[in-house]
Amino acid sequence: MLTYLLLGVAPVGLWYVFIRPVIYFERMGVKQLRPWPILGNLYVIVFRISNICDFIKYAYDSFSKSRYEGVYQFNRPVLILNNPELIKELTTKDFDHFTDHKAFNNPEADPLWSNNLFSLKGLKQMRATLNGSFTISKMKHMFALINETAQNFSRHFMKKEENLIQLERKDIFTRIHISVDIKFTLLLLPLFFKYVPPDKVKFKQARYLRNDDISSQTLLSFFAGFETVSTAFCHGAHELAMNKDVQDKLREEIRETDKLNNGKLTYDALLKMKYMDMVFCEILRKWPPVFSMDRVCTKPYTIEPKYPDEKPVHLKVGDVFWFPMFGLYRDPKYFPKPEVFDPERFSDENRDQITPYSYIPFGVGPRNCIGSRFAILESKALIYNLLLNFEIVPTKKTANPLKFSQGSFQNTVEGGFWLGLKHIKQ
Ligand code: HEM
């Protein structure tokens with residue numbers, strides 16, 4: 001009797017534990033990628049079949065004509081929004097239903113990480129407080145320091161006598177970024193908090209910022225910055241090495257700016273450089289350091305059907321959606337010939353033709369990247385000083401085309417990022 005009972009119950013139990021979680025979307029009438037039990041769709045990363053960026057693109061391409069689709073991050077259902085208009089609606093117009101990012105860890109276990117701005121629930125006073133560290137006037141204040149670090153970076157290589165200096169970029173650009181970021185973190189945050197007692201910082205609305213809060217934000221501004229900017233620079237340097245015409249044209253603009261400003265780069269002069277901006281935008285388009293971003297549903301929400309094959313999608317508190325930047329940026333519908341590195345996409349004439357919300361390298365809505373101004377300044381200052389003094393060239397070790405490392409949850413590439421620097425005779 002017991003045997004019969006077990007034989008009857010076991011399959012139901014197994015179905016409930018292993019299958020039911022990964023047919024969540026199917027039961028809702030939402031198209032979904034075919035998952036594995038337990039690992040969901042991330043089996044392709046776990047078994048080193050793919051990389052997270054390639055996976056995002058594959059998921060997007062599989063249903064790019066649909067406004068959304070379902071995938072499974074292990075057992076957790078994640079709705080991917082493939083449609084820029086829908087991304088806009090959920091992240092800006094209806095932001096109060098999706099105020100949070102998905103926290104990586106348990107707040108009890110790791111208060112230092114959980115208290116940082118990225119992980120904080122709701123758009124707390126903290127965001128408004130930290131905004132004060134990233135204003136235009138603070139950036140102008142910081143500029144001399146950022147530029148000095150970028151100059152020192154170039155000077156370090158100028159002392160070398162070899163004709164061709166070979167570098168592994170990731171290592172070197174991570175170091176330079178760490179250097180700028182430490183200065184920023186150590187200098188700017190204490191500056192911001194300098195008028196308050198060290199243990200308690202009084203918010204305008206009678207709330208308190210604890211030492212823990214300050215440590216958490218400091219830690220985040222360090223980590224959020226270093227991986228993103230150094231990754232952007234690694235990919236950017238690769239594209240400049242492989243596209244000599246773009247590099248020469250950018251150097252031309254840099255030389256003109258240098259001449260106009262008598263060799264002293266200023267904040268305004270750097271931000272006025274049009275071609276520099278076009279190149280930087282295209283680097284973030286072709287190789288977005290943040291290839292996908294998430295939001296958590298904090299207030300129930302329904303995505304109403306718009307097309308005959310759609311049904312209402314009811315999102316409940318705790319449900320997660322991603323917006324797949326890497327998929328959108330490699331979709332020829334939004335960026336023709338997406339594999340081609342072409343800064344002209346961002347010229348004054350062409351920029352207006354970009355579909356709104358299909359290009360969102362710093363995220364979108366009230367929860368967008370708080371450090372974008374800093375990131376732009378830092379990256380452009382580095383490109384400026386490097387190209388003024390060196391030609392970036394491919395070497396024998398440079399992989400082309402770049403191929404993401406299989407089995408990685410990051411956008412690292414196979415074989416590393418190798419480049420050569422050639423002195424430019426002034
Ligand atoms: C090229 C460099 C960078 C890129 C592409 C980038 C991109 C992003 C993106 C896509 C988000 C999520 C936005 C959203 O959810 O809508 C984000 C959030 C954030 N970024 Fe950046 N970022 C960069 C550099 C930096 C730097 C240098 C800092 C700090 C110094 C920084 C600090 C942050 C913080 C604190 C958040 C969380 C904001 C919040 O949740 O309210 N980022 N970034």
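In each ligand, atom 1 is the first atom listed, and ligand 1 is the first ligand listed. Nothing here was measured: the structure is a model prediction, and the numbers come from that model.
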### Ligand-residue contact atoms, ligand 1 with Arg295, heavy atoms, under 4.0 Å
14 (C), 15 (O), 16 (O)

### Message
Under a 4.0 Å threshold between the charged nitrogen and the carboxylate oxygen, would Asp248 count as salt-bridged to Arg255?
### Response
no

### Query
Under 6.0 Å between the ring centres of Phe346 and Tyr359?
yes

## Note on the structure
Near Met325 (heavy-atom distance under 4.0 Å), the atoms of ligand 1 are 10 (C)

### Query
Relative to ligand 1, is Arg127 under 4.0 angstrom through side chain, backbone, both or neither, heavy atoms considered?
side chain

### Query
Any idea which atoms of ligand 1 are less than 4.0 Å away from a heavy-atom of His101?
14 (C), 15 (O), 39 (C), 40 (O)

## Note on the structure
The atoms of ligand 1 lying under 4.0 Å from a heavy atom of Met293, numbered in the order shown, are 12 (C), 14 (C), 15 (O)

### Query
Are Lys286 and Tyr329 in a cation-pi setup, meaning NZ or CZ lies under 6.0 angstrom from the ring centre and within 45 degrees of the ring axis?
no

### Query
Counting heavy atoms only, which of Asp294, Thr228, Asp100, Asn131 is nearest atom 24 (C) of ligand 1?
Thr228

### Those atoms of ligand 1 less than 4.0 Å from some heavy atom in Phe374
27 (C), 30 (C)

### Task
Flag Val364 as yes when one of its N or O atoms lies below 3.5 Å from any N or O atom of ligand 1, and as no otherwise.
yes

### Query
With backbone taken as N, CA, C and O and side chain as the heavy atoms from C-beta onward, which portion of Pro361 lies under 4.0 Å from ligand 1: side chain, backbone, both, or neither?
backbone

### Query
Looking only at N/O atoms, are Arg367 and ligand 1 under 3.5 Å apart anywhere?
yes

### Summary
With Trp287 as partner, the option from Phe280, Phe404, Phe326, Phe233 fulfilling ring-ring contact (aromatic ring centres under 6.0 Å, His included) is Phe404

### Query
Knowing that exactly one of Phe47, Phe55, Trp36, Tyr72 qualifies, which makes a side chain to side chain contact (heavy atoms under 4.5 Å, CB included) with Leu42?
Phe55

### Query
Which atoms from ligand 1 have a heavy atom of Gly363 less than 4.0 Å away?
10 (C), 13 (C), 14 (C), 16 (O)

### Donor on one side chain, acceptor on other, Asn83 and Tyr68, under 3.5 Å
no

### Task
With heavy atoms only and a cut-off of under 4.0 Å, state how Phe362 meets ligand 1: side chain, backbone, both or neither.
both

### Query
Are Asp319 and Tyr24 side-chain neighbours, meaning at least one heavy-atom pair lies under 4.5 Å?
yes

### Task
Give a yes/no verdict on a cation-pi contact between Arg295 and Phe323, requiring under 6.0 Å between NZ or CZ and the six-membered ring centre and an angle within 45° of the axis.
no

